[in-house]
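Encoded as structure tokens, the structure appears first; notes follow it.
Lettering follows sequence order; numbering is per chain, from 1.
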Amino acid sequence: MGYDCPMARWILHVDMDAFFASVEQLDRPELRGRPVIVGGLGPRGVVSTASYEARAFGVHSAMPTAKARKLCPHGAFLAPRFARYEEAAAATRAILSAFSPVVEPLSLDEAFVDLTGTERLHGPVERTAQEIHRRIRTETGLPCSVGLAPNKLLAKLASEAAKPGGVHIVHEEDVDGFLSPMPVRRLWGVGPQTARKLAERGVHTVSDLRGVDASLLHSWFGPTAGAQLWRMARGLDESPVHSVRDAKSISQEVTYPEDLYREEDIARELRQLAMAVATRLAAEALLATTVRIKIRWADFTTRTRQVRLPEPTDHPVLIADEAVALLRRGEVQAEVGVRLLGVGLAGLIAATFRPEHLFVPSQLGAALHQVRTRHGAQSLSLGFPGEGHPRREVGILDPDAKDGVNGEMDDRSRGRGGRGGVGQRDRAVRLPDPDHGVPSGQGLVLLPARG
DNA sequence: TCTGGGGTCCTAGGACCC
DNA sequence: TCTGGGGTCCTAGGACCC
């Protein structure tokens, strides 16, 4: 074991073929052999995944669904069913875990597996790659491609070379021949901008890239990206397979079917998003220290604003208030229209221990979570006092209430048979008079489901 | 045919402190 | 009174990935 001779690794990359579309074809046999397009079906939707049959018509992911419909009018256009895809992804991960403890999911449909040192248990890695491929096919019923190589960079490129439905193995001695003719665009991290800059300088293939001095790459792309390009051109990549990676941020955003113009509407939608993302935060037992909003105007210019909080929180009201404060911090150019809104949380820490003064907010979050758990995620939406929805109010959560949960139904709701179901008898606490305003940040208006 | 939603990582500039 | 750098934190934006 010399210092200059690190142990050779074997990294496997699995990539499910046309994942969402394949799951739909698996579940609905009548779709097999037909073009299937999974994506947003609204006026501003884009394609998530196109089956290979649909790709033959020129349909591909990230394409506006409207265009896909023109190219492939007889295709089956389906909205994504993420819960189902998550289930299929879990089944795949379980198979991978049978071969190595070191599995790194990259997304629902991709994962790295470190097979280094598994030979004694599972035999030669080449055979293991074939076996993994076979088991995923037969046990999930879904097609996939598998790449096996000495590092992550090459493994990912290998699975791409294996598509569709194959296994491709790159041995150390094959690296040059495998890599050299590839367009630089295929390298991880080389997107349209970097590829354009390289092309302008006469660099098109990995072989071309290898001919460029490290110092030149440094001057073109900076130290980090420059060094990364230099190493990738040679097939070098020491990055480990991470089996556990903590989330750095969570966010939720929506592109509206029609642009928003009224600041009141924009603020209301932001609060909805803040509530949703705060609920996810609490479900993950995390606290956030940074709140971020994102606004995409109708002309597609996109702005983000963020603020660092004095202390970590998962309080939906606090987060919503910060989001709206960020909105109002700049001018709201109403004439342009807002196409997309987003709320993001970062600076995440585990909520294992929290200072005493954070208990009340967390109880509020827990209360909301509890109501939604009991009555369904769609059973309640959230509004704030004085924002123009008095007829639909069914109760007010009072964050200062000792019990956390509270909100006996008001008379109107009770009179209608208590359809809101907010105030569970055993947890009911006095409800403030709904006609009394509650200062922003001090109360929430619970709204029964629409319709 | 106007262009989703979930993320990660990097850079650059200003504030602030030593 | 005028002059440094270095380090860190924060914010905004952009490139990229699936």
Check your understanding: Near DNA chain C, which residues from residues 179-210 of chain A have a heavy atom under 4.0 Å away?
Key -> A:Arg185, A:Leu187, A:Trp188, A:Gly189, A:Val190, A:Gly191, A:Pro192, A:Gln193, A:Thr194

**Study point:** Sole candidate of A:Ile293, A:Leu327, A:Val254, A:Leu273 that passes side chain to side chain contact (heavy atoms under 4.5 Å, CB included) when paired with A:Leu341
**Key:** A:Leu273

Shorter than 3.5 Å, N or O on both sides, protein versus nucleotides 3-8 of chain B: list them out with atom names.
| unit_1 | atom_1 | unit_2 | atom_2 | d |
| --- | --- | --- | --- | --- |
| B:dT3 | OP1 | A:Pro43 | O | 3.3 |
| B:dT3 | OP2 | A:Arg339 | NH2 | 3.4 |
| B:dT3 | O5' | A:Arg339 | NH2 | 3.4 |
| B:dG4 | OP1 | A:Arg339 | NH2 | 2.7 |
| B:dG5 | OP1 | A:Thr255 | N | 3.0 |
| B:dG5 | OP2 | A:Thr255 | N | 2.9 |
| B:dG5 | OP2 | A:Thr255 | OG1 | 2.4 |
| B:dG6 | OP2 | A:Glu253 | N | 2.5 |
| B:dG6 | OP2 | A:Glu253 | O | 3.3 |
| B:dG7 | OP1 | A:Arg280 | NH2 | 2.4 |
| B:dG7 | OP2 | A:Ser251 | N | 2.7 |
| B:dG7 | OP2 | A:Ser251 | O | 3.3 |
| B:dG7 | OP2 | A:Ser251 | OG | 3.1 |
| B:dT8 | OP1 | A:Lys248 | N | 2.8 |
| B:dT8 | OP2 | A:Ser249 | N | 3.4 |
| B:dT8 | OP2 | A:Ser249 | OG | 2.7 |

Rounding to an integer number of Å, can you tell me how far [X] [atom1] sits from [N] [atom2]?
| X | N | atom1 | atom2 | result |
| --- | --- | --- | --- | --- |
| A:Phe221 | C:dC16 | CZ | C1' | 14 Å |
| A:Leu41 | B:dT1 | CG | P | 18 Å |
| A:Glu258 | B:dC2 | CD | C1' | 16 Å |
| A:Asp17 | C:dC18 | CG | P | 14 Å |
| A:Leu326 | C:dA12 | CG | P | 8 Å |
| A:Phe57 | B:dT1 | CZ | P | 17 Å |
| A:Arg303 | C:dT11 | CZ | P | 17 Å |
| A:Ile293 | C:dA12 | CD1 | P | 9 Å |

**Study point:** Distance between C1' atoms of B:dC16 and C:dG4 (Å, rounded)
**Key:** 16 Å

Point to revise | A:Arg329 side-chain proximity, nearest of C:dT11, C:dG13, B:dC10 | key: C:dT11

Revision key, fill the gap. The correct list of stems in which DNA chain C takes part (3 or more consecutive Watson-Crick or G-U pairs, distances under 3.5 Å) is B:5-18 with C:5-18

Check your understanding: Phosphate oxygens OP1/OP2 of B:dC9: is one of them under 4.0 Å from a side-chain N or O of A:Thr224?
Key -> no

Check your understanding: Counting only side-chain N and O atoms of A:Thr304, is one of them less than 4.0 Å from OP1 or OP2 of C:dG13?
Key -> yes

Point to revise | Electrostatic pair A:Arg9-A:Glu238, nearest N-O below 4.0 angstrom | key: no

Practice item. Using a strict 4.0 Å threshold on nitrogen-to-oxygen distance, state whether A:Arg231 and A:Asp237 make a salt bridge. Key: no

**Study point:** Between A:His168 and A:Phe178, ring centroids under 6.0 Å
**Key:** yes

Exercise for review: Evaluate the ring planes of A:Phe82 and A:Phe20, with Trp represented by its six-membered ring, and classify them as parallel (under 30°), tilted (30 to 60°) or perpendicular (over 60°).
Suggested key: perpendicular

**Study point:** Pairs satisfying ring pair (Phe, Tyr, Trp, His ring centres under 6.0 Å), at least one member in residues 91-110 of chain A, at least two apart
**Key:** A:Phe99-A:His122

Without swapping roles, check the side chain of [X] against the backbone of [Y] for a donor-acceptor pair under 3.5 Å.
| X | Y | answer |
| --- | --- | --- |
| A:Arg55 | A:Ala50 | yes |
| A:Lys156 | A:Trp188 | no |
| A:Arg44 | A:Tyr256 | yes |

**Study point:** Results of side-chain hydrogen bond (donor to acceptor under 3.5 Å, both in side chains) for A:Gln130 - residues two or more places apart only
**Key:** none

Give every donor-acceptor pair under 3.5 Å between a side-chain atom in residues 57-67 of chain A and any protein atom, sequence neighbours left out.
| unit_1 | atom_1 | unit_2 | atom_2 | d |
| --- | --- | --- | --- | --- |
| A:Thr65 | OG1 | A:Gly40 | O | 2.6 |
| A:Thr65 | OG1 | A:Gly45 | O | 3.3 |
| A:Thr65 | OG1 | A:Val46 | N | 3.4 |

Review point. Within 45° of the ring axis of A:Trp297 and under 6.0 Å from its six-membered ring centre, is that where the NZ or CZ of A:Arg339 lies?
Key: no

Exercise for review: Pick base, sugar-phosphate or nothing for A:Lys156, based on heavy-atom distances below 4.0 Å to the nucleic acid.
Suggested key: sugar-phosphate

